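A quick write-up on the structure given underneath.
What you see is a predicted model; the values in this text were computed from it and never measured. The chains referred to below are lettered A, B, ... by the order of the sequence lines, with proteins before strands, and numbering in each begins at 1.
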Amino acid sequence: MDLKGRLSQALKNVLPDGVDAEILWTVPKHVDQGDLSTNVAMLLAKQLKRPPREIATEFLGQVEWADFGIERAEVAGPGFINLFIGPGHYQGVVRDILNHGRDYGSSNEGNGKKVLVEFVSANPTGPLNVVSARAAAIGDSIVRVLRKAGYEGMGEFYVNDAGRQVRRLGLSVLAHARGQEVPEDGYHGEYVREIAEALFPDGTTPPQDADPDEFGHEAAMLNLAKQKEVLASYGVEFDRWFHESELHGSDAPMQTLEKLRELDAVYEKEGAVWFAGTRFGDQEDRVIVTSEGRPTYLLPDIAYHVDKLSRADVIVDLLGPDHHDYVGRMQAALKALGHDGKLEVIIVQQVHLKEGGEKVKMSKRAGKLVTLEELVDDVGRDVARYFFLQRRTSTPLDFDLDLAKEQSDRNPVYYVQYAHTRICGILRQDGCPEPSADADLSPLTASEEIELIKHLEQFGLQCARAAEAYEPQRLVGYLADLATRFHKFYTACHVIGVEPATSLARATLIQAAEIVLAEGLSLLGVSAPERM
RNA sequence: GCGCCAGUAGCUCAACUGGAUAGAGCACCGGCCUUCUAAGCCGGCGGUUCGGGGUUCAAGUCCCUGCUGGCGUACCA
């Protein structure tokens, strides 16, 4: 059991008979408030009908704090119990990191729970845009963090290869190849021309009876191949690419419809079949089979979610801002099918690119888009991913292209990477002792050393929290803080050229910091360079 | 109209899920390189957490209400 757990147990042992409380330890904001703090006395004040400070004082006297490596314990403020941890504990943390290596910070918080995260899932009708770039960075990082925290995380991309947009793509490509005007509701980007040239090289033209569905599908597969390639170079991996066409092959949508019929969750009106979403919390009922007898997108989508739930305990959808209204109907559908509470939807908000202080104008209609590929070519993979992961997913993001391209101290990515680089630089030096878990770490007592270690110790907790809340941006903040602690240490404490015992202990400490920085950055999909 | 997301320093954002004195970066001002990379460190400036009620020992955080901004509101996906 870790220190917090053992301390909680000790406190529970001194609670009055018949009284129980959950004891939570937090790290106070100010150093003069100690290293760990609990508010348990305040929580019990009402129940015990006594002032919180009085209760805290009583508890304080009943625990042998020194047994836990606590140097000092005191009652503070309205009734907090604050503990000041001695250096011995922190030296143990460093040893722990060296012993566990990159596995340090892993936990079983998720208890093996299967979490399937669906993200990007862009239509195969064109290149990936910047919102997909944001979703890709976030989704991929969520999966990595989930695994770190003991969940079985899976990443999945839903390929929408069976809808009517595929036919529209086919019509657009055929029109282009014939030198005709692309239809108004077609696709107008430059890539349409490229696909047309790939399918009809050297001035060949499509046959008169060319099937738009067939060529649409070929074009879609070319787009998909390109999307896969771009995502791979962006460092984003999927465990599965699920094609909508697979679903139709297995007749899953029709089975889902039958199931909904049996549950009496659908009805007919004006020749169409409606899902009675309002009975399950949606804003309005939705058509799932049109009056022409064709299923709408909703039916296969429900079938797909049911399929995912057969493979996972919880499913997470990362959706673009244009799919806001989709949430209610899918939640309602799953509720109707007995899967209430198993779908978590995260809306990835809009990305506004800014250059020279101006918003970069993007128009889908005219095909004027900044693609993921262009963005990565422009600013690099590390910068792009870091920028996307910095902000909370649910808020729109201004992406400052000038700042992103700047190779300077203004660019926050380098701040974290530079900490890692500096460590590698020291460890590379001839005069640097070999870090070792067996080293005597008692020389580590300086405040810069202890502050650094305190932060390293938080890594596992931060990973667990980021995983549980599906919020990888927490980790970005954590790593930036960690880098700060390291840079302060670097400025204050020399590793090489000091007294040998200190030198060895510090080399071991920075090795520990290197491990956590490298592992943390890899959870973000950002590289940890040895030289910059 | 209805629904979602947001509103915290001049700007971009934090705040460990209800805790103590609301913190960083950028910008602006001033310091620190003959020793491990100055892509760094130190100091200064900067706040009615959009307004108004409420819940309680305690509210930026939860509830109600109003205001502002973004997005969405198809028998498209």
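- In summary, the side chains of A/Tyr326 and A/Asp317 do not present any donor paired with an acceptor at a separation below 3.5 Å, with no hydrogens or angles considered.
- B/A15 sits 12 Å from B/C62 when the P atoms are compared, rounded to a whole Å.
- Rounded to a whole angstrom, the distance from the C1' atom of B/G46 to that of B/C26 is 13 Å.
- Here A/Pro412 lies out of heavy-atom contact (under 4.0 Å) with every strand.
- At least one donor-acceptor pair under 3.5 Å links the side chain of A/Thr38 to the backbone N or O of A/Leu24.
- Distance from the side chain of A/Val287 is smallest for B/C75 among the nucleotides B/A39, B/A20, B/C75.
- Residue A/Ser394 is in sugar-phosphate contact alone, with no base atom involved, counting any heavy-atom pair closer than 4.0 Å across all strands shown.
- The same atom, P, is picked in B/A14 and in B/A6; the two are 10 Å apart, to the nearest Å.
- Remark: ring of A/His494 overlaps the six-membered base ring of B/C36 in a stacked fashion, centroids less than 5.5 Å apart, planes less than 30° apart.
- Side-chain proximity of A/Arg465 to the nucleotides B/A77, B/G3, B/C16 is greatest for B/C16.
- Rounding to the nearest 0.5 angstrom, the gap separating the CZ atom in A/Arg329 from the CD1 atom in A/Ile288 is 12.5 Å.
- In this structure, A/Pro52 reaches neither bases nor backbone, as no heavy-atom distance under 4.0 Å exists between it and the strands shown.
- The partner of B/G30 is B/C42, by the rule that a Watson-Crick or G-U pair needs both atom distances under 3.5 Å.
- Taking the ring axis of A/Trp274 as reference, the NZ or CZ atom of A/Lys269 stays within 45° of it and closer than 6.0 Å to the ring centre.
- Protein atom CG of A/Leu48 is 14 Å distant from nucleotide atom C1' of B/C57, rounded to whole Å.
- Pairing of B/C16, defined by two Watson-Crick or G-U wobble distances under 3.5 Å, is not identified with any nucleotide.
- Listed nucleotides B/C75, B/C42, B/A20 differ in distance to A/Pro28; the shortest reach to its side chain belongs to B/A20.
- Atom CD in A/Gln33 sits about 8 Å away from atom C1' in B/U21, given to the nearest Å.
- The aromatic rings of A/Tyr104 and A/Phe459 sit parallel, their planes meeting at an angle under 30°, below the 60° perpendicular limit.
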For this session: May I have the step-by-step check of side chain to side chain contact (heavy atoms under 4.5 Å, CB included) for A/Val314 and A/Tyr470, ending in yes or no?
Result: CA-CA 12 Å; A/Val314 175; A/Tyr470 313 117; 3.8 Å; yes
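- Sequence order on RNA chain B of the closest nucleotides to A/Thr296 and A/Ile81 puts A/Ile81 first from the 5' end.
- Checked by distance alone, A/Asn82 brings a side-chain donor or acceptor within 3.5 Å of a matching partner on the base of B/A20.
- Base pairing of B/C71 is made with B/G3, judged by Watson-Crick or G-U wobble geometry with both donor-acceptor distances under 3.5 Å.
- With centroids closer than 5.5 Å and planes inclined by less than 30 degrees as the test, A/Phe80 and the base of B/G19 fail to qualify as a stacked pair.
- At least one donor-acceptor pair closer than 3.5 Å links the side chain of A/His487 to the backbone N or O of A/Tyr415.
- Applying the 3.5 Å distance criterion, the base of B/A20 shares no donor-acceptor pair with the side chain of A/His30.
- For B/G51, the paired base is B/U65 (Watson-Crick or G-U wobble, both distances below 3.5 Å).
- Here B/A77 presents its P atom at 17 Å from OH of A/Tyr304, a figure rounded to the nearest Å.
- Set against B/G72, B/C16, B/C42, the side chain of A/Val27 has B/C16 as its closest nucleotide.
- Here the nucleotide nearest the side chain of A/Arg168, chosen from B/C76, B/A77, B/C71, is B/C76.
- Here the P atom of nucleotide B/C2 and the CD atom of A/Gln283 are 11 Å apart, to the nearest Å.
- Note that the CD atom of A/Glu434 and the OG1 atom of A/Thr508 stand 9.0 Å from one another [nearest 0.5 Å].
- The side chain of A/Met42 has B/C57 as its nearest neighbour among B/U17, B/C36, B/C57.
- Nucleotides B/A22 and B/A58 have their C1' atoms positioned 15 Å apart, rounded to a whole Å.
- Not a single donor-acceptor pair, N or O on each side, falls under 3.5 Å between the base of B/G3 and the side chain of A/Asp325.
- Among the heavy atoms of the strands, none lies under 4.0 Å from A/Ile347.
- Nucleic acid contact for A/Lys46: sugar-phosphate only, since backbone atoms but no base atoms lie under 4.0 Å from a heavy atom of the residue.
- Atom CG in A/Leu403 sits roughly 10 Å away from atom C1' in B/U12 (whole-Å rounding).
- Here B/C16 presents its C1' atom at 11 Å from CD of A/Glu468, a figure rounded to the nearest Å.
- If you check B/G40, B/C42, B/A39 against the side chain of A/Thr491, the one that comes closest is B/G40.
- Taking atom CZ of residue A/Arg286 and atom C1' of nucleotide B/A74, one finds them 9 Å apart after rounding to whole Å.
- Residue-level contact check: A/Cys424 touches neither bases nor backbone, having no heavy atom under 4.0 Å from any strand.
- Judged by ring centres under 5.5 Å apart and planes tilted less than 30 degrees, A/His487 fails to stack against the six-membered base ring of B/C41.
- Residue A/Arg531 is classed as a base contact, given a heavy-atom separation below 4.0 Å to a base.
- A/Thr421 contributes no side-chain N or O that forms a donor-acceptor pair with the base of B/A39 under 3.5 Å.
- The residue A/Gly497 sits apart from the nucleic acid: no heavy atom pair falls under 4.0 Å.
- Using a 4.0 Å heavy-atom criterion, one finds that A/Arg50 contacts no nucleic acid atom at all.
- Aromatic ring pairs are classed by plane angle as parallel below 30°, tilted from 30° to 60° and perpendicular above 60°; the pair A/Phe399 and A/Phe388 is tilted.
- Within 3.5 Å, a donor on the side chain of A/Tyr297 pairs with an acceptor on the base of B/A77, or the reverse.
- A/Glu468 has no carboxylate O lying under 4.0 Å from a charged side-chain N of A/Arg465, or vice versa, which leaves the two without a salt bridge.
- At the heavy-atom level, A/Asn160 lies under 4.0 Å from the strands shown only through sugar-phosphate atoms.
- At a threshold of 4.0 angstrom between heavy atoms, the contacts of A/Tyr326 with the nucleic acid are absent.
- Checked by distance alone, A/Arg474 brings a side-chain donor or acceptor within 3.5 Å of a matching partner on the base of B/U17.
- Candidate nucleotides B/U73, B/A20, B/A6 were compared by shortest atom distance to the side chain of A/Thr395, and B/A6 ranks first.
- When each of A/Leu36 and A/Glu270 is assigned the nucleotide of RNA chain B bearing its nearest heavy atom, the one mapping closer to the 5' terminus is A/Leu36.
- Distance CD (A/Gln473) to P (B/U12): 18 Å, rounded to an integer number of Å.
- Within the nucleic acid shown, A/Ala492 has no heavy atom closer than 4.0 Å to any nucleic acid atom.
- When the nucleotides B/C76, B/C16, B/U17 are ranked by their closest atom to the side chain of A/Ala469, B/U17 comes out on top.
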